[in-house]
Number of protein chains: 2
Amino acid sequence: MAERGPRERMVFSTAQLIRREGVTATGLRDVVAHAEAPRGSLGHYFPGGKEQLVNEAVDWAGRYAANRIDRFLAGMARPTPSRLFAAMVRQWTDEFAAIGFDQGCPVAAATVDASVTESTRAAAAAAFSAWRAPIARALVGMGVPARKATAAATLMVSALEGAILIARAERDTRALTTVARELGPLLDGYVTR
Amino acid sequence: MAERGPRERMVFSTAQLIRREGVTATGLRDVVAHAEAPRGSLGHYFPGGKEQLVNEAVDWAGRYAANRIDRFLAGMARPTPSRLFAAMVRQWTDEFAAIGFDQGCPVAAATVDASVTESTRAAAAAAFSAWRAPIARALVGMGVPARKATAAATLMVSALEGAILIARAERDTRALTTVARELGPLLDGYVTR
DNA sequence: AGGCTACTATGACGGCCGTCATAGGGGGTG
DNA sequence: CACCCCCTATGACGGCCGTCATAGTAGCCT
């Protein structure tokens with residue numbers, strides 16, 4: 001997360017804060033403090049106000065999740081659906097173990113939280129889409145029929161998001177490891193060649 | 001939702017409002033208005049303040065979800081894991097179709113949202129537990145080994161919660177129907193007798 | 001009747017929110 | 001130098017928040 005300009009830092013910090021506080025509870029003053037950004041720049045870079053800032057943070061999160069998928073695949077010698085899913089899950093178990101359960105998924109937070117604006121809801125939908133696309137593409141590359149790939153990707157994201165939720169509530173990664181274990185064989189079963 | 005006292009109405013209204021606004025965005029004044037309850041009673045019935053009110057709402061939601069499971073089973077001639085899951089999913093697709101995508105799961109909202117207090121987080125964990133227990137019990141009754149039943153219940157709740165999230169973001173029930181369809185055979189495969 | 005308890009009414013308090021108006025720096029260009 | 005444009009500084013505004021103090025009212029118990 002190299003040294004970027006104030007604008008990018010604010011978007012990134014917004015995503016970070018949304019992850020643990022939710023949209024409504026994240027104040028713009030908190031954002032500038034976290035980003036160590038000049039407060040006066042807020043209205044300058046984000047004339048659309050908090051709504052614009054939040055939307056950009058959600059966009060950022062969607063792109064980040066998508067990139068992660070590609071990175072997981074790049075690190076695998078012989079990728080399989082279950083291995084990809086295991087990597088996605090492990091990313092979260094590792095993070096929970098390392099820094100605690102306070103930070104969840106920003107896209108989930110933006111979806112659930114608050115008097116979320118229509119535009120923010122649309123940003124969340126786009127983020128889920130951006131996340132699912134590389135998964136489905138990867139599954140096809142592993143031999144899953146295109147017809148089944150998007151459904152499988154939806155299942156993977158759903159199970160992961162739900163398990164993240166439960167893990168945070170229980171402060172225990174068990175839900176995550178459970179879904180990875182139980183879903184693995186089913187996912188590999190989609191492969192036809 | 002028969003005519004209850006003001007106290008119960010406030011708890012119920014809190015759950016309703018949390019479902020669509022989140023915890024932080026739900027104001028106490030909104031609650032009394034929605035419950036048509038006397039404002040002066042808030043501090044009387046809930047000396048623990050908003051925190052207590054939210055916790056009771058989450059508790060209520062957990063019990064409600066658990067009761068729903070029993071009601072689903074009662075309405076089935078020959079219950080199977082996939083049929084139970086389909087019923088759980090259908091409850092949500094029906095609700096989304098009927099009243100829109102504005103209302104999600106209150107337990108998810110309480111988990112994700114905000115400067116949620118430790119006690120609220122614990123209430124959410126208890127709610128998930130209360131929800132999962134009757135599912136696991138039902139699975140055992142259908143012939144799923146006890147060893148596998150809790151894992152399967154966790155998978156079902158995870159996939160459902162995640163799909164609810166995606167469905168709300170996309171304003172489309174497709175994610176829900178997808179997980180029901182894809183997970184069905186796996187769930188029935190747990191049955192050994 | 002008197003008194004005690006359970007409940008309700010009302011308004012004020014301090015605090016934080018997102019937004020905006022105003023003004024100042026500061027470097028590159030004419 | 002003068003100018004302009006991009007960025008930043010600062011403080012005020014109205015509004016809503018959760019909480020609390022104070023003052024009632026209603027009804028049962030003895």
Side-chain angles (χ1 to χ4, degrees), chain A residues 3-58 106 109-110 112-121 123, chain B residues 3-58 106 109-110 112-121 123:
Chain A
E3 201 64 36
R4 301 274 183 235
R7 192 185 195 285
E8 297 187 24
R9 289 207 311 276
M10 283 191 269
V11 172
F12 175 73
S13 289
T14 301
Q16 292 279 107
L17 292 178
I18 286 179
R19 288 182 64 184
R20 54 175 171 235
E21 309 282 354
V23 175
T24 308
T26 295
L28 295 183
R29 286 162 178 87
D30 301 341
V31 172
V32 299
H34 183 276
E36 299 183 77
R39 186 190 145 202
S41 309
L42 246 178
H44 180 71
Y45 288 120
F46 307 96
K50 184 177 184 177
E51 185 176 342
Q52 178 185 358
L53 184 56
V54 169
N55 292 358
E56 293 201 21
V58 172
V112 160
D113 188 321
S115 48
V116 133
T117 323
E118 167 64 19
S119 69
T120 304
R121 197 228 86 230
Chain B
E3 202 62 39
R4 300 276 184 232
R7 193 185 196 283
E8 297 186 26
R9 289 207 310 275
M10 282 191 270
V11 172
F12 174 73
S13 290
T14 302
Q16 291 280 106
L17 292 178
I18 287 179
R19 289 182 65 184
R20 52 175 172 236
E21 309 283 353
V23 175
T24 308
T26 294
L28 262 17
R29 288 162 176 87
D30 301 341
V31 172
V32 298
H34 183 277
E36 299 182 79
R39 186 188 146 202
S41 308
L42 246 179
H44 178 72
Y45 289 119
F46 307 97
K50 183 177 184 177
E51 184 176 342
Q52 179 185 356
L53 184 54
V54 169
N55 293 358
E56 293 201 22
V58 172
V112 159
D113 189 326
S115 48
V116 133
T117 323
E118 166 65 19
S119 69
T120 303
R121 197 229 85 233

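Predicted model only: the values in this text are computed from it and were never measured. Letters A, B, ... mirror the listed sequences (proteins, then strands); counts begin at 1.
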### Task
Write down the distance between CG (B:L28) and C1' (D:dC20), rounded to a whole number of angstrom.
13 Å
### Message
Could you check whether any side-chain heavy atom of A:V23 comes within less than 4.5 Å of a side-chain heavy atom of A:T120, counting everything from C-beta outward?
### Response
no
### Sole residue of A:V11, A:I18, A:V54, A:T26 in side-chain contact (heavy atoms from CB on, under 4.5 Å) with A:V31
A:T26
### Summary
Whole-Å distance, A:L53 CG to C:dC17 C1', equals 15 Å
#### Entry: Heavy-atom closest pair, residues B:M10 and B:A37
CG-CB, 3.7 Å
#### Entry: Protein-nucleotide distance (B:Q52, atom CD; D:dT19, atom C1'), rounded to Å
14 Å
### Integer-rounded Å distance: C:dC17 P and A:E21 CD
11 Å
### Query
Has the side chain of B:D113 got a donor or acceptor atom that lies under 3.5 Å from a matching backbone atom of A:V112?
no
### Task
To the nearest Å, give me how far apart CG (B:L42) and P (D:dG18) are.
9 Å
### Message
If I take atom CZ in residue A:F46 and atom P in nucleotide C:dT19, what distance separates them, rounded to the nearest angstrom?
### Response
12 Å
### Task
Considering just the side-chain nitrogens and oxygens of A:S41, establish if one lies under 4.0 Å of OP1 or OP2 belonging to D:dT8.
yes
### Message
Please compare A:R29 and A:G40 by the position of their nearest nucleotide in DNA chain D and report the one closer to 5'.
### Response
A:G40
### Query
For C:dC7, does OP1 or OP2 lie under 4.0 Å from any side-chain N or O of B:H44?
yes
### Task
Can you see which heavy atom on A:P106 is nearest to which on A:R19, and at what distance?
CD-CG, 3.6 Å
### Query
Which whole-number value in Å describes the distance from B:E51 CD to D:dC17 P?
19 Å
### Query
What is the per-nucleotide protein-contact pattern of nucleotides 22-27 of chain D, from the 5' end, where B denotes a base atom under 4.0 Å from a protein heavy atom, S denotes such proximity for sugar-phosphate atoms only, and - denotes neither?
------
### Message
Measuring from the side chain of A:D30 (C-beta onward, heavy atoms only), which nucleotide among C:dG11, C:dC17, C:dC20 has the closest atom?
### Response
C:dC17
## Note on the structure
Residues B:Y45 and B:R7: closest non-hydrogen pair is O-NH2, 3.4 Å
### Query
Does B:Y45 have a side-chain nitrogen or oxygen under 4.0 Å from the phosphate oxygens OP1 or OP2 of C:dA6?
no
### Task
Counting heavy atoms from C-beta on, name the nucleotide in D:dT8, D:dA12, C:dG18 closest to the side chain of A:R39.
D:dA12
### Task
Please name the pair of heavy atoms, one in A:E36 and one in A:R9, separated by the smallest distance, quoted to 0.1 Å.
O-NH2, 3.0 Å
